[in-house]
Enquirer: 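There's a structure below that I have some questions on.
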Amino acid sequence: MRVYNFAAGPSTLPLEVLQKAKDEFLDFSGTGMSVTEISHRDKAYMAIVEEAEKLVRELLNVPDDYCVIFVQGGASTQFAAIPLNLMHNKKADYIVTGNFAKKAWQEGQLYGEAVKIGDSSDKVYTYIPDVDKLNYTEGADYVHITSNNTIFGSRYSKFPKCKAPLVADMSSEIFSREVDVKKFGVIYAGAQKNLAPAGVTIVIAKRDLIQDPLPICPTMLRWKVQDENGSLYNTPPAFSIYMANLVLRNLKEKGGVKAMQDINEHKAKLLYDFIDNSKLYKNNVLPEFRSIMNVPFVTGSDELDAKFVAEAKKVGLVSLKGHRLVGGMRASIYNAMPVEGVKALIEFMKKFETENK
Ligand SMILES: *Cc1c(COP(=O)(O)O)cnc(C)c1O
């Protein structure tokens with residue numbers, strides 16, 4: 001039986017995509033081989049990488065003067081790649097709105113002056129600092145943000161308007177809502193939240209920013225090199241890119257990012273409305289900044305939280321345990337989580353509340 005999987009990442013993928021991958025696993029595109037066995041220089045495989053890039057461009061409306069590359073090492077490796085490609089003046093601004101934002105900031109400190117210009121840790125990352133009131137550093141090479149905070153369940157409702165290029169970690173929300181790529185210098189995202197199995201990371205970067213990486217930047221982390229080689233500088237994460245391509249095709253069939261955003265907003269509203277109207281459950285994020293992808297909630301009792309997670313699992317609602325930094329529960333309701341999954345969760349929450357008054 002397929003469960004409803006609320007994991008934060010790796011996470012649920014569209015059933016049609018899994019089915020398709022299963023169907024063609026032994027014989028990919030008439031090659032008589034699986035996609036994991038084929039050379040990455042084979043025409044049939046190169047066509048996948050090209051199609052995936054084209055779909056990313058189309059779905060996010062990426063301007064031509066931006067590269068779209070598929071790289072390895074997860075979003076965490078990009079925490080280093082960002083300063084290594086961009087930090088010419090040896091200073092950059094960071095807005096620390098959660099655990100991953102903090103890690104990116106810490107990594108930035110290895111390469112230069114990483115200035116923390118905003119920080120919402122005073123209220124356990126339940127809000128985003130007002131981006132219009134921050135003290136942006138003159139001459140900074142970039143401003144780094146984490147657009148959606150996976151662990152704490154918050155997201156930017158508006159983005160900084162800064163002089164320096166804006167660099168955004170969109171790992172847990174890429175393709176979930178429309179964004180104006182032109183407003184960013186770099187957008188990057190590990191795939192395993194909203195796009196594909198783990199192993200591939202997308203980087204979308206304005207080409208004129210990436211022509212001059214720092215001399216110490218490893219070749220593999222040079223976005224320019226990856227761009228010039230069509231993401232095939234070395235052996236790419238072949239299976240993950242293949243799966244990403246299937247998910248992107250599926251997203252296009254479903255109407256694209258705007259259609260998905262409408263569904264995501266509907267799913268999130270159902271869940272937040274229920275939580276706000278219940279006596280048992282509480283979400284602590286300021287409503288303006290609530291994520292439509294990751295929804296943490298608590299009952300106020302660790303014991304009851306543990307019971308909730310265990311009982312939910314018994315009825316096929318799995319991976320609801322919150323991150324250890326927050327406790328309680330977290331429902332990640334990425335693109336691939338159907339509305340029915342959210343409704344099933346709410347029904348369970350109702351029943352659990354009645355039984356545990
Ligand atoms: C999961 C996550 C990461 C870390 O991704 P890895 O691929 O494990 O390195 C970074 N940033 C955000 C926002 C995430 O959700």
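Both ligands and their constituent atoms are indexed starting at 1 by order of listing.
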Enquirer: With backbone taken as N, CA, C and O and side chain as the heavy atoms from C-beta onward, which portion of Lys193 lies under 4.0 Å from ligand 1: side chain, backbone, both, or neither?
Expert: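 The part of Lys193 near ligand 1 is the side chain, not the backbone.
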Enquirer: Pick, from Asp169, Thr97, Asn148, Asn99, the option with the minimum heavy-atom distance to atom 11 (N) of ligand 1.
Expert: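 Residue with the shortest heavy-atom distance to the ligand atom: Asp169.
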Enquirer: Mind checking whether Phe308 and Phe352 have ring centres under 6.0 Å apart?
Expert: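 Close enough - the centres of the two rings lie under 6.0 Å apart.
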Enquirer: Using ring centroids (six-membered ring only for Trp), state whether Phe159 and Phe184 fall under 6.0 Å.
Expert: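 Close enough - the centres of the two rings lie under 6.0 Å apart.
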Enquirer: Under 4.0 Å from any heavy atom of Gly74, which atoms of ligand 1 are there?
Expert: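 Heavy-atom distances to Gly74 below 4.0 Å select 7 (O), 9 (O).
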Enquirer: Run the ring-centre check on His144 versus Tyr94 and record whether the distance is less than 6.0 Å.
Expert: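 So the answer is yes for these two rings.
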Enquirer: Going by the angle between their ring planes, with limits at 30° and 60°, are Phe79 and Phe100 parallel, tilted or perpendicular?
Expert: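 Rings of Phe79 and Phe100: tilted, as their planes differ by 30° to 60°.
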Enquirer: Give me the residue, atom name and distance of the protein heavy atom closest to atom 5 (O) of ligand 1.
Expert: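 So the nearest neighbour among protein heavy atoms is Ala75 CB, 3.6 Å.
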Enquirer: Checking a contact table here: which protein heavy atom is nearest atom 9 (O) of ligand 1, and how many Å away?
Expert: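 Answer for atom 9 (O) of ligand 1: Ser76 OG, 2.6 Å.
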Enquirer: Report yes if Thr150 has an N/O atom closer than 3.5 Å to an N/O atom of ligand 1; otherwise report no.
Expert: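 Yes; at least one N/O pair falls below 3.5 Å.
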Enquirer: Just jot down the ligand 1 atoms closer than 4.0 angstrom to any heavy atom of Thr146, in number order.
Expert: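 Answer for ligand 1: 13 (C).
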Enquirer: Checking Gln78 against Trp223: is there a side-chain donor and acceptor pair closer than 3.5 Å?
Expert: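 Yes.
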Enquirer: Under the rule for side-chain contact (heavy atoms from CB on, under 4.5 Å), what residues qualify as partners of Thr354, not counting sequence neighbours?
Expert: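 With sequence neighbours excluded, Thr354 shows a side-chain contact (heavy atoms from CB on, under 4.5 Å) to no residue whatsoever.
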Enquirer: For the aromatic rings, using the six-membered ring if either is Trp, is the centroid distance between Tyr242 and Phe28 under 6.0 Å?
Expert: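 They qualify: ring centres under 6.0 Å apart.
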Enquirer: Quick one: does Asn335's side chain get under 4.5 Å of Met293's, heavy atoms only?
Expert: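 Yes, their side chains come closer than 4.5 Å.
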Enquirer: Tell me, please: is Lys103 in heavy-atom contact with ligand 1, that is, under 4.0 Å?
Expert: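 No, that is not the case, since the closest heavy atom of the residue is not under 4.0 Å from the ligand.
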Enquirer: To which protein heavy atom is atom 8 (O) of ligand 1 closest, and what is the distance rounded to 0.1 Å?
Expert: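 Answer, as residue, atom name and distance: Gln192 NE2, 3.4 Å.
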Enquirer: Of the backbone atoms (N, CA, C, O) and the side-chain heavy atoms from C-beta on, which set of Thr77 has a member under 4.0 Å from an atom of ligand 1: side chain, backbone, both, or neither?
Expert: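 For Thr77, no heavy atom sits under 4.0 Å from ligand 1.
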Enquirer: Can you tell me which residue and heavy atom of the protein come closest to atom 4 (C) of ligand 1, and the distance to 0.1 Å?
Expert: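 That would be Phe100 CE2, 3.6 Å.
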